[in-house]
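What follows is a short report on a single structure.
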Amino acid sequence: MSRKPDTMRLAVFVSGGGSNFQAILDHVGRGILDVEVALCVSNRPDAYALTRAEIAGVPTLVIDPRSFDDEKAYVIELLDELAEHRVNFIALAGYLRKIPAYVVAAFRNRIVNIHPSLLPAYGGKGLYGRRVHEAVLAAGEAETGATVHVVNEEYDKGPVILQEHVQVIHGDTAETLSARVLNVEHALYARALGLIAEGRVRIDGDSIYIKPVGPPMIEAEHLPSPPDLIRIRRALLSVYDKTGLVELARDLTAAGVSIVSSGGTARVLRAAGLAVEHISEVTGSPEILGGRVKTLHPRIHGGLLARRGYADDEADLEAESIVPFDLVVVNLYPFEDTVRRPDVTDAEAAENIDIGGPAMVRAAAKNHAYVAVVSSPDTYDTIRRELVANNFHLSLSTRRHLACLAFNCTAAYDRAVADYLAPVVEAPPKTFAVHLPRVLVLRYGENPHQRAAAYGSPETHFEKLHGKVLSFNNLIDLGAALALIDEFPASKPAVAILKHTNPCGVAVAKSQEMAYLRALATDRKSPFGGIVVVNSALSLSTAEAIDRIFTEMVIAPEFDNGVIDFLKRKKNRRIVRRLHPTDRAQAFDVRSIPGGLLIQDWDTPSKEDFRVVTARQPTDGEMHDLEFAWRVVKHVKSNAIVYAKDGATLGVGAGQMSRIDASELAVRKGESSELNFAGSVIASDAFFPFADGLLAAADCGARAAIQPGGSIRDNEVIKAADDCHMAMVFTGRRHFRH
């Protein structure tokens, strides 16, 4: 499907009215879809879609699999008919029969289907048509949609080509929802078939890649190379943040630079005794709409965008009496600060969306060959030093760097506005942009030969109180520690000890010190040089216990009196205050891959999915331990096993290639600490593929187990648990962590 076929000769398979079939015919008839509809195939002679085909002059074929003695005879007949009509592609449009595997193989990656939901949700055997919409409504979904996907041997499991969302409206019935989804399907199916016919769809396993296309680029005029140095003679200053403004303007004025300014910026400069030409004097127009329109004028943007030395531009400047600008200093309304306020209104947010500012910044940045743009007070000192050193000239390399900063500024600004206006977090979003400021250049990355930096706003989540600058690995470990401790509300003291993002031990107890000692007891060797994180104010007694071994980092939401001073006695120890839990419902887990990013929801399954599958019910104590172990195992690298008892881990097996190895490692660690596994529980991040893993746990003394379930041998594992008189809980969700 990756290269453009000579001509797509399409067979459309139908079973009913054929409205999607008609939509395909309509798009072909209007010249929007460049395919040939070679055949209409139905398993029902009374399908109205056949009438649509006859009206359109499309050949028809009625072939019912039930009329053949066996599937092989049916497949042979069907493939012969498709070959006779020179069909090279199949589109299913309400065809209520599963395509035989032989046909799928013969047309591998050349059969598509449209399904009335956002697959993989509400797909599979028996879910089609009205049944899908009823299921969506019964589940209380806020949105549904339509999916065009490649057909493989399973029901609705092929790679997705296109999807479109449809909101579920209050009071919707299956009929009203179906009508809106069907309307979306008509356009979506034609668009997907068009992409395939153009050779823009490539399939790689379960992944779909769509090659973008666009109009021809705008050719550049033949211009001389831009000057390396430009003399700053005229500057436009229009800023919201007045930090350092007067000092910069004084230096410019002293060097003979004429200044044009607007609104509040002009008032501040004039109050400082500086000569300023107001922007309305340049444009000949007053500021209107309360200042909303003041800089959007040809005499401003002409001065920003004019190419020096280009005869046509020079002629336009002369004809319109426009004087070009050499320097633009603009920063934007504080939109992000405004919407961060919990009581902000939409009207206030809208007023703080800058229009003229970004327009000037982008114009000057585009024309950086001749214009320098400064978009932040942070760069004032650097610019002033270069101006003084170069007799008030700026180099092309500096102008290019400033343009890069400017475009980063406007991109981040637009992203912030779009994020505010988005009604809900769309998962996954159609586009995913990341524009974060660099906040820290790190000494190195995971290893000394790797360069690294931190971006974003980590200071809103934690605060380093003592110790060396947090390293790359410190920050990775810190993120893992905070995610784990967030599992445990502050109502009961919880302590976790981590090393290389994996928990060495975790415990909850009546006192914080006891929780720490029980967590440490899980594994007394690994915590050396690790991280300790607590969910409540760190007490002095706990700090003294932590101090008995070298601990790289201590994290707490608060610290009792004297604790910070006590911990500071070790210069190499980092002390970090946790400011607030992360709202993972409003964010994504992001990973890098070659050429792009992967994003996913955070793993936050709930207790409501638990289901006891054994004859014996877990006791209350066992259930508490199962819930505890299930919270911990989520933060252990797969394959992951956690043994626990009385609210504390006994053994943790992380990152092993087999689940048995993980279990044996967990037991070995616990036994080396002389812990007793009798009466413990075991948690597995994924299902037990065989009964042997569960039996090994029983031999160690485990009396209850928690796992996702879903293995083809679940019954065998359940029987093994029953034979051992163990209780077992299925969660219905797994906890893979790669």
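Keep in mind that what you see is a predicted model, and the values were worked out from it rather than measured.
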What I'd like to find out is whether the side chain of [X] reaches to under 4.5 Å of the side chain of [Y], using heavy atoms alone.
| X | Y | answer |
| --- | --- | --- |
| L119 | Q163 | yes |
| Y48 | V14 | no |
| L188 | V148 | yes |
| L39 | T60 | no |
| V729 | R611 | no |
| F610 | I706 | yes |
| F89 | L82 | no |

Just by distance, no angles: are the side chains of [X] and [Y] close enough, under 3.5 Å, to form a donor-acceptor pair?
| X | Y | answer |
| --- | --- | --- |
| S15 | N43 | yes |
| H186 | S19 | yes |
| S638 | D685 | yes |
| T7 | E36 | no |
| Y95 | N113 | no |
| N20 | E185 | yes |

For residues 174-181, which side-chain donor-acceptor pairs fall under 3.5 Å, sequence neighbours excluded?
unit_1 : atom_1 : unit_2 : atom_2 : d
E175   : OE1    : T173   : OG1    : 3.3
E175   : OE2    : R130   : NH1    : 2.1
E175   : OE2    : R130   : NH2    : 3.1
T176   : OG1    : D172   : OD1    : 2.7
T176   : OG1    : T173   : N      : 2.8
T176   : OG1    : T173   : O      : 3.1
T176   : OG1    : T173   : OG1    : 3.4
R180   : NH1    : D172   : OD1    : 3.0
R180   : NH1    : D172   : OD2    : 3.4
R180   : NH2    : Q167   : O      : 2.7
R180   : NH2    : D172   : OD2    : 2.7

Could you tell me which non-hydrogen atom of [X] sits nearest to which non-hydrogen atom of [Y], and how far apart they are?
| X | Y | result |
| --- | --- | --- |
| A135 | L127 | CB-CD2, 4.4 Å |
| H461 | R578 | O-CD, 3.6 Å |
| I203 | P159 | CG2-CG, 4.4 Å |
| A683 | V633 | O-CG2, 3.9 Å |
| Y122 | V136 | CD1-CG2, 3.7 Å |
| F688 | I682 | CZ-CD1, 4.2 Å |

Q.
My understanding is that only one of H735, H635, K634 makes a side chain to side chain donor-acceptor pair (under 3.5 Å) with D603; could you say which?
A. H735
Q. Cationic tip of K98 within the cone over Y155's six-membered ring, i.e. under 6.0 Å and within 45° of the normal?
A. yes
Between [X] and [Y], is there a donor-acceptor pair closer than 3.5 Å when you use the side chain of the first and the backbone of the second?
| X | Y | value |
| --- | --- | --- |
| N88 | M8 | no |
| D625 | A644 | no |
| E198 | R200 | no |
| T147 | H149 | no |
| R52 | G17 | yes |

(Q) I'd like to check the salt bridge (Lys or Arg N to Asp or Glu O under 4.0 Å) partners of D414; sequence neighbours left out, ordered by chain and number. (A) none
Q. Per the side-chain contact (heavy atoms from CB on, under 4.5 Å) rule, which among L162, L92, L193 passes with V112?
A. L193
